[in-house]
There are 2 protein chains.
Amino acid sequence: MIRKEIKKDFDMAECSVRNILDRFGDKWSLMVIDLLREGKLRYSELDNKIESISQKMLTVTLKSLETDGLISRKVYPQIPPRVEYTLTELGQTLLPAIDMLKKWAADSMPAILAARSKMATPSAP
Amino acid sequence: MIRKEIKKDFDMAECSVRNILDRFGDKWSLMVIDLLREGKLRYSELDNKIESISQKMLTVTLKSLETDGLISRKVYPQIPPRVEYTLTELGQTLLPAIDMLKKWAADSMPAILAARSKMATPSAP
DNA sequence: CAGTATCCGCTCCGATACTG
DNA sequence: CAGTATCGGAGCGGATACTG
């Protein structure tokens, strides 16, 4: 049935990377966290800042981040409604890692793009 | 047509996170890089270590990482064939960021799981 | 051993419409 | 304003079979 039955000991090691990807490998979670670093933002502000996200995915992403205790949601009971999102302490602990990734990307993307385009046109010497 | 036409200035900021996710948000790339940290591995060794990967995805992942200059592929022309994969220097520069993420995951996963299960059973006080 | 080739299910996510 | 509900397409990735 399954190609590789029950896993072996290594899965303990792969588990860590797997968990990170399962949690943040989606399209928007990391971006929302990164955006909230400066402080609170309303639903509509997030919607505007992430131009390309759909309402559905913004809602889903916010809900899952809240469920996992990474952001908190504060509702002001008024008309029209006002909802503000902020990072929790747990969520803030992610920021250094995000910064490191962003720094790596800034430093390395040129090299990656260069390697990628070189592959595209091998043009042997 | 498109909900949010051409993006605005913010996309310059989101771009960084987007690029990282586009490159490493897939299911296996980060894991392969993490596995190669200790040194060279053969195709079959990677296949064995990542119990749950299919041959197709291993091949695809390795090829894309090679295309982007993150790993290198060395073929020994013999029968049966022998192919070894190693991290390039560029690939190695990713390791500190991966370590940071793994450390964060190790430290924070318990809190995340706790928050997640609390949401599942609200059982108001 | 180290792949290729093909088929296809399933999840992710965007578009659209509607609501309190 | 801040969502919810529903539909449907695209593509990621697994299973399987085959090759040099």
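Everything quoted here is computed from the prediction, not taken from an experiment. Here is how names work: the chains are called A, B, and so on, in the same order as the sequence lines, proteins then strands, and each is numbered from 1. Scope of the values below: all heavy atoms of this structure, side chains included, with no hydrogens, waters or symmetry mates.
Straight-line distance from the CD1 atom of I79(A) to the P atom of dT19(C): 17 Å, rounded to whole Å. Residue D26(B) contributes atom CG, which lies 15 Å from atom C1' of dC12(C) at whole-angstrom precision. Between the CG atom of L58(B) and the C1' atom of dA15(D) there is a distance of 16 Å, given to the nearest Å. A straight line from NZ of K27(A) to C1' of dA10(D) spans 11 Å, rounded to a whole angstrom. One interatomic measurement links the two molecules: CG of D47(A) to C1' of dG14(C), which rounds to 13 Å at whole-angstrom precision. Spacing between atom CG of D22(B) and atom C1' of dC12(C) amounts to 14 Å, rounded to whole angstrom units. Between the P atom of dC13(C) and the CH2 atom of W28(A) lies a distance of 8 Å, rounded to the nearest Å. Taking atom CE on M31(A) and atom P on dC13(C), their separation rounds to 11 Å, with Å as the unit.
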*What would the secondary structure line of DNA chain D be in dot-bracket form, counting Watson-Crick and G-U wobble pairs under 3.5 Å, with [ ] for pairs that cross earlier ones and | for pairs with another strand?*
||||||||||||||||||||
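Counting non-hydrogen atoms of other residues, nucleotides and ligands closer than 6.0 Å to CD of E89(B) gives a total of 12 or fewer.
Partners of E84(B) by side chain to side chain donor-acceptor pair (under 3.5 Å), not counting sequence neighbours, listed by chain and number: Y76(B), R82(B). Partners of S44(B) under the side chain to side chain donor-acceptor pair (under 3.5 Å) rule, at least two apart in sequence or in another chain, do not exist in this structure. Residues that satisfy the salt bridge (Lys or Arg N to Asp or Glu O under 4.0 Å) test with K56(A), not counting sequence neighbours, are absent from this structure. With sequence neighbours left out, Y85(A) forms a ring pair (Phe, Tyr, Trp, His ring centres under 6.0 Å) with no residue at all.
A distance of 7.5 Å separates CZ in F24(B) from CG in D68(B), rounded to the nearest 0.5 Å.
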*Please report the C-alpha distance between I112(B) and N19(A) in whole Å, then the side-chain angles of each, then the deciding distance to 0.1 Å, and finally whether the side chain to side chain contact (heavy atoms under 4.5 Å, CB included) criterion is met.*
CA-CA 11 Å; I112(B) 288 184; N19(A) 286 339; over 6 Å; no
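Between the side chains of T61(A) and S29(A), no donor-acceptor pair is found at a separation under 3.5 Å.
Proximity of a side-chain donor or acceptor of S108(A) to a complementary backbone N or O of A105(A) within less than 3.5 Å is not detected.
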_Footprint string (nucleotides 1-7 of chain C, 5' to 3'): B base within contact, S backbone only, - free, heavy atoms under 4.0 Å_ = BSBB-BB
